[in-house]
Each structure stands twice: as C-alpha cells, then as structure tokens.
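Notes follow once the structure below has been shown.
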Amino acid sequence: MSRIGRLPIDIPAGVDVTVDGAAVTVKGPKGELALTVASPIEVKIEENQVLVTRPDDERESRSLHGLTRSLIANQIIGVTQGYTKGLEIVGTGYRVAQKGSAIEFALGFSHPVTVEPPAGITLSVEGNNKVTVAGIDKQAVGETAANIRKIKKPEPYKGKGIRYAGEVVRRKAGKSGK
C-alpha cells in the first residue's frame, strides 16, 4: 500500500470539497480549484476527511494512488494558505520593476524584458532585486517561477542571473593565469 496514498486528508474549517464522479472540486477562502482524477483511483469523503483508494495493485494504480492524494492535499493547502515562490536577481545593473500587474526586468539585454502574470498568479517586487510569485495553484506558481528564471539563468562564473530564493549556484574557477 502506498505510504502517502493511504493517509487521509483532513478538511479544515471553511473549505468545501465535493466529489462528482472523477471530478474533485475544492473551494476555500482564497478561491476554487478543480481536479480530474485518473480512472482506477477512487475518492470518497467520510467524516470530514478525504480518502483516496485504489481497486487493485496494478502498476498504474499504484503510481497514481499517492499522486492523486498529494494533488488533492496541495489544492486544500492552496485554497487556505496559498503558495509563494521567491526569486532573486543577481548582477551589476540587473534590476526589476513593477509595471501594473506585470514586471519589467533589466538583465543586460539591449531591451527590457516584460513578464505578464498568467491568470490566478500575482507577481510582486521587493526592492529592485527580489520577485515573489504567489497564487493558489502550486503547479502554476512553480511553472511561472521557472519561466521567469529561464529568461536569464544564473551563470557559473560570476553567478549573474535570476535564481530561486536560497538557491546555491555552483561556481567555476575560470581561467588560470600563468
């Protein structure tokens, strides 16, 4: 039995979880999220808890069991607390500014780079070198942060670029002079 999949998910106060066949909808104070559960997995609500079960021990059922439970748990956390991901801009002359809901980067290119947030995501700037990506969908927050980081990844010689908050960039020695 899956160690993660067999754990029940507690439904906190203020959160409404509805199961309609393969569709699971989670409503909370921050918003609403929906999930379509893959075919062999079954989701039930009993005594203010969500239970995820599988009918057999087939390979596909085992792999989807823990995944489905984690996705539903992440949705419940998302509609109650939300998710945030921090980014840091490192480099001389590299900075970021808020332009309405979008943000504009100066990253050493010949032009500024503007990033529009997708639906359900908010981008905020602290100082001129920190960006926070926030939202209720964990996958969307992570993907947006990864797309922003992809604009200018940290390079290994000086460490310049956009990195996740707390990310350690492995540095190389560079040329050795004689």
**OP:** Go through Ile89 and Leu107 one step at a time and tell me if the side chain to side chain contact (heavy atoms under 4.5 Å, CB included) criterion holds.
**Re:** CA-CA 9 Å; Ile89 291 86; Leu107 297 170; 4.1 Å; yes
**OP:** Go through the steps to decide whether Val43 and Leu51 satisfy the test side chain to side chain contact (heavy atoms under 4.5 Å, CB included), and finish with yes or no.
**Re:** CA-CA 6 Å; Val43 179; Leu51 300 174; over 6 Å; no
**OP:** Walk me through it: do Tyr83 and Val133 pass the test side chain to side chain contact (heavy atoms under 4.5 Å, CB included)?
**Re:** CA-CA 8 Å; Tyr83 288 100; Val133 182; over 6 Å; no
**OP:** Could you check Glu126 against Thr132 for side-chain hydrogen bond (donor to acceptor under 3.5 Å, both in side chains), going step by step and ending with a plain yes or no?
**Re:** CA-CA 8 Å; Glu126 298 140 30; Thr132 304; 2.6 Å; yes
Subject >> Steps toward side chain to side chain contact (heavy atoms under 4.5 Å, CB included) verdict (Leu123, Val115) >> reply: CA-CA 9 Å; Leu123 301 174; Val115 176; 4.2 Å; yes
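Linking Ile, Leu, Val, Met, Phe, Trp and Tyr whenever their side-chain heavy atoms come within less than 4.5 Å puts Ile9 and Ile11 in one cluster. Leu7 and Val52 are members of different hydrophobic clusters when ILVMFWY side chains are connected at heavy-atom separations under 4.5 Å. The hydrophobic cluster containing Ile76 also contains Val37, counting ILVMFWY residues as joined when their side-chain heavy atoms lie under 4.5 angstrom apart, directly or transitively. In the hydrophobic cluster analysis, where Ile, Leu, Val, Met, Phe, Trp and Tyr join through side-chain heavy atoms closer than 4.5 angstrom, Val79 is grouped apart from Ile121. Val169 and Val90 fall into different hydrophobic clusters, defined by Ile, Leu, Val, Met, Phe, Trp and Tyr side-chain heavy atoms under 4.5 Å apart, directly or through other members.
Closest approach of Ser61 to Pro40, counting heavy atoms only: OG-CB, 3.6 Å. Contact between Thr53 and His65 at its shortest, heavy atoms only, is CA-NE2, 3.9 Å. Gly135 and Val141 get closest at one heavy-atom pair: N-CG2, 3.5 Å. Nearest heavy atom pair, residue Leu33 against residue Ile136, reads CD1-O, 3.6 Å. Here the closest non-hydrogen pair linking Thr80 and Lys30 is O-CE, 3.5 Å. Here the shortest heavy-atom pairing between Ser63 and Leu67 reads O-CB, 3.8 Å.
The backbone N or O of Ile103 sits nowhere less than 3.5 Å from a side-chain atom of Gln98 that would complete a donor-acceptor pair. Under a 3.5 Å cut-off, the side chain of Gln75 and the backbone N or O of Ile72 do not form any donor-acceptor pair. Within the 3.5 Å criterion, the main-chain N or O of Lys27 finds no donor-acceptor partner in the side chain of Asp16. Side chain of Glu155 to main chain of Lys158: a donor-acceptor pair is present (N/O by atom type, distance under 3.5 Å, no hydrogens or angles). A distance-only check finds no donor-acceptor pair linking the side chain of Arg95 to the backbone of Phe105 [under 3.5 Å]. Between the side chain of Arg171 and the backbone N or O of Tyr157 there is at least one donor-acceptor pair closer than 3.5 Å.
Counting heavy-atom neighbours within 6.0 Å of Glu60 CD, excluding the residue itself, gives a total of 12 or less. Counting heavy atoms of neighbouring residues, nucleotides and ligands inside a 6.0 Å radius, atom CG of Asp56 exceeds 12 of them. Shown here is Ile4, whose CD1 atom has no more than 12 heavy atoms of other residues, nucleotides or ligands within 6.0 Å.
To the nearest 0.5 Å, the span separating CD on Glu167 from CG on Leu87 amounts to 9.0 Å. Expressed to the nearest 0.5 Å, how far CD of Glu88 lies from NZ of Lys130 amounts to 4.5 Å. Considering CD of Glu104 and NE2 of His111, their distance stands at 11.0 Å, rounded to 0.5 Å. To the nearest 0.5 Å, atom CD of residue Gln139 and atom CG of residue Leu71 are 9.5 Å apart. For the atom pair Arg69 CZ and Asn74 CG, the distance stands at 9.0 Å (nearest 0.5 Å). Between atom CZ of residue Arg163 and atom CZ of residue Arg149 there is a gap of 9.5 Å, rounded to the nearest 0.5 Å.
Residues Glu32 and Thr25 bring no donor and acceptor atom of their side chains to less than 3.5 Å of each other.
At least one side-chain heavy atom of Arg62 sits under 4.5 Å from a side-chain heavy atom of Arg54. By the 4.5 Å heavy-atom criterion applied to side chains, Val15 and Val26 are counted as neighbours. Put simply, the side chain of Ile162 does not reach to within 4.5 Å of the side chain of Pro154, judged on heavy atoms. Contact check for Asp10 versus Val50: no side-chain heavy atoms found under the 4.5 Å cut-off. Using a 4.5 Å cut-off on side-chain heavy atoms (C-beta onward), Val17 and Ile45 make contact. Between Arg170 and Pro156, the closest side-chain pair of non-hydrogen atoms is not below 4.5 Å. Taking the side chain as every heavy atom from C-beta outward, Lys44 and Val19 never approach each other to under 4.5 Å.
Relative to the six-membered ring of Tyr94, Lys152 misses at least one condition, a distance below 6.0 Å or an angle of at most 45° to the axis.
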